[in-house]
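First comes the structure, then the notes that go with it.
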Amino acid sequence: MAQQLNPALNVAFKAARKAGDMMLRASNNLSSIRVDNKAFNDFVSEVDRQSEAIIIETLQEAYPHHRILSEEAGVLGNERAEFEWIIDPLDGTTNYLHGHPQYAISIALLEKGVLKEALVYAPARNDLYTASRGQGALLNDRRIRVSSRVELSQCLIGTGFPVVEQSMLDTYLAILKAFIEKTAGARREGAASLDLCALAAGRVDGFFEFNLKPWDIAAGALIVQEAGGIVTDMHGEQTWLETGDIVAANPKVLAQMLRIIGAHV
């Protein structure tokens with residue numbers, strides 16, 4: 001990869017690369033990996049925990065005074081720190097454990113609550129997505145943009161099924177049915193960070209999902225924004241990082257998506 005990363009992203013990539021190499025080695029013997037159930041359909045493996053430990057150690061060595069929010073470890077460091085890293089050490093655990101290559105490491109950096117840096121690294125494909133606020137988004141060394149499609153009937157929509165928190169399942173299925181009837185199709189790959197990166201790269205034209213966590217979407221959302229997309233909650237507002245309800249697309253497709261979703265929420 002020829003990307004010239006700024007210091008913060010360079011540290012994040014060093015952490016992600018080290019964790020990704022461990023994941024690839026462990027994937028050669030998936031049957032030996034210990035897996036625990038946090039809740040129904042919510043798995044954590046020893047690979048998740050090892051990846052998290054590698055990433056946290058690398059970030060803390062470079063930035064000992066930064067706060068960290070990570071999926072398994074929770075909050076680490078000073079709650080009043082100006083800088084906060086948000087980490088998903090293995091987005092797509094179920095995919096990984098089944099040998100499906102759609103999984104990633106997601107790392108975002110906030111400054112005073114504002115997303116500033118984002119990195120999503122897919123070890124199985126050696127793909128690196130990055131964004132810095134105001135500087136655009138990259139896939140490896142190539143600048144990426146959201147698609148320019150404007151007709152919903154021509155659009156491919158990414159989504160994620162509610163498998164852990166299922167209180168919105170009936171609402172979700174009604175919305176999904178409406179999108180299937182009005183678009184070129186829907187895709188569910190099982191890793192929200194990579195779904196958002198696919199949107200940023202123009203491979204899908206929109207994305208929506210309910211009840212995600214900050215580590216699922218923080219990095220991917222900034223990458224979408226820097227690729228020319230818009231990210232909102234289900235009502236077109238900016239609460240998506242707090243609520244985990246997210247819709248993203250180019251401006252014209254987003255407006256059409258929000259109308260469909262708004263008929264059900």
Side-chain angles (χ1 to χ4, degrees), residues 1 3 5-38 42-78 81 83-110 115-132 138-140 190-194 196-197 213-220 222-223:
M1 294 177 188
Q3 280 181 254
L5 303 176
N6 65 42
L9 283 180
N10 192 53
V11 171
F13 180 54
K14 177 183 176 183
R17 171 72 86 176
K18 193 182 302 183
D21 288 347
M22 177 276 297
M23 288 179 189
L24 292 173
R25 291 192 301 271
S27 70
N28 292 323
N29 191 9
L30 291 172
S31 62
S32 69
I33 296 174
R34 191 182 74 251
V35 180
D36 299 319
N37 278 59
K38 294 190 288 185
D42 193 5
F43 305 103
V44 58
S45 73
E46 60 183 312
V47 172
D48 292 75
R49 294 189 176 101
Q50 289 174 19
S51 174
E52 183 176 68
I54 290 168
I55 294 167
I56 289 174
E57 180 182 14
T58 305
L59 294 178
Q60 287 183 329
E61 182 180 353
Y63 299 106
H65 302 298
H66 286 192
R67 182 185 183 193
I68 293 175
L69 171 63
S70 187
E71 180 173 11
E72 308 306 333
V75 178
L76 303 172
N78 184 353
F83 292 91
E84 179 182 29
W85 296 91
I86 300 181
I87 302 166
D88 192 336
L90 176 48
D91 183 22
T93 298
T94 301
N95 284 346
Y96 176 82
L97 294 172
H98 285 78
H100 191 304
Q102 189 78 354
Y103 62 89
I105 295 160
S106 175
I107 303 174
L109 178 63
L110 286 74
L115 282 165
K116 292 291 188 177
E117 310 286 349
L119 176 151
V120 175
Y121 177 54
R125 296 188 172 97
N126 197 30
D127 279 341
L128 176 65
Y129 299 85
T130 57
S132 298
L138 297 174
L139 166 55
N140 300 327
S193 63
L194 288 177
L196 288 164
C197 288
K213 301 297 184 184
W215 47 81
D216 295 318
I217 54 179
L222 181 59
I223 292 168

In chain order, what residues pass the side chain to side chain contact (heavy atoms under 4.5 Å, CB included) check against Asn78, with sequence neighbours excluded?
->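 Counting only residues at least two positions away or on another chain, Asn78 forms a side chain to side chain contact (heavy atoms under 4.5 Å, CB included) with Arg80, Ala81.
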Residue list, side chain to side chain contact (heavy atoms under 4.5 Å, CB included) with Ala191, at least two apart or on another chain |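 Here the qualifying residues are Asp91, Gln102, Leu194.
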Would you call [X] and [Y] a side-chain contact if the rule is heavy atoms closer than 4.5 Å?
X	Y	value
Met22	Ile54	yes
Glu52	Arg49	no
Gln60	Ile68	yes
Phe13	Ile107	no
Ser193	Trp215	no
Asn126	Arg17	yes

Closest approach of [X] and [Y], non-hydrogen atoms and distance?
X	Y	value
Ile105	Ala16	CD1-O, 3.3 Å
Ala118	Ala219	CB-O, 3.3 Å
Leu9	Ala131	CD1-O, 4.1 Å
Ala26	Ile33	O-CD1, 3.9 Å

May I ask you to check whether over 12 heavy atoms, not counting those of His100, lie within 6.0 Å of atom NE2?
->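 Buried by this count: over 12 neighbours within 6.0 Å.
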More than 12 non-hydrogen atoms from neighbouring residues, nucleotides or ligands closer than 6.0 Å to CD on Glu57, yes or no?
->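 Result for CD/Glu57: open.
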Is there a donor-acceptor contact under 3.5 Å linking the side chains of Asp48 and Ser45?
->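 Yes, because at least one side-chain N or O of Asp48 sits under 3.5 Å from a partner of the opposite role on Ser45.
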Does a donor on one side chain sit under 3.5 Å from an acceptor on the other, for Asn95 and Thr93?
->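 Not at all, the side chains of Asn95 and Thr93 share no donor-acceptor pair under 3.5 Å.
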When rounded to the nearest 0.5 angstrom, what is the spacing between CG in Leu128 and CG in Asn140?
->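 Reported value, rounded in 0.5 Å steps: 6.0 Å.
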Check whether any side-chain N or O of Glu117 sits under 3.5 Å from a backbone N or O of Ala8 as a donor-acceptor pair, and report yes or no.
->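 Not at all, since once roles are kept as given, no pair shorter than 3.5 Å links the two residues.
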So, does Tyr96 use its side chain to make a donor-acceptor pair with the main chain of Met23 at under 3.5 Å?
->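 Yes, the answer is positive, given that a donor and an acceptor are paired below the 3.5 Å cut-off.
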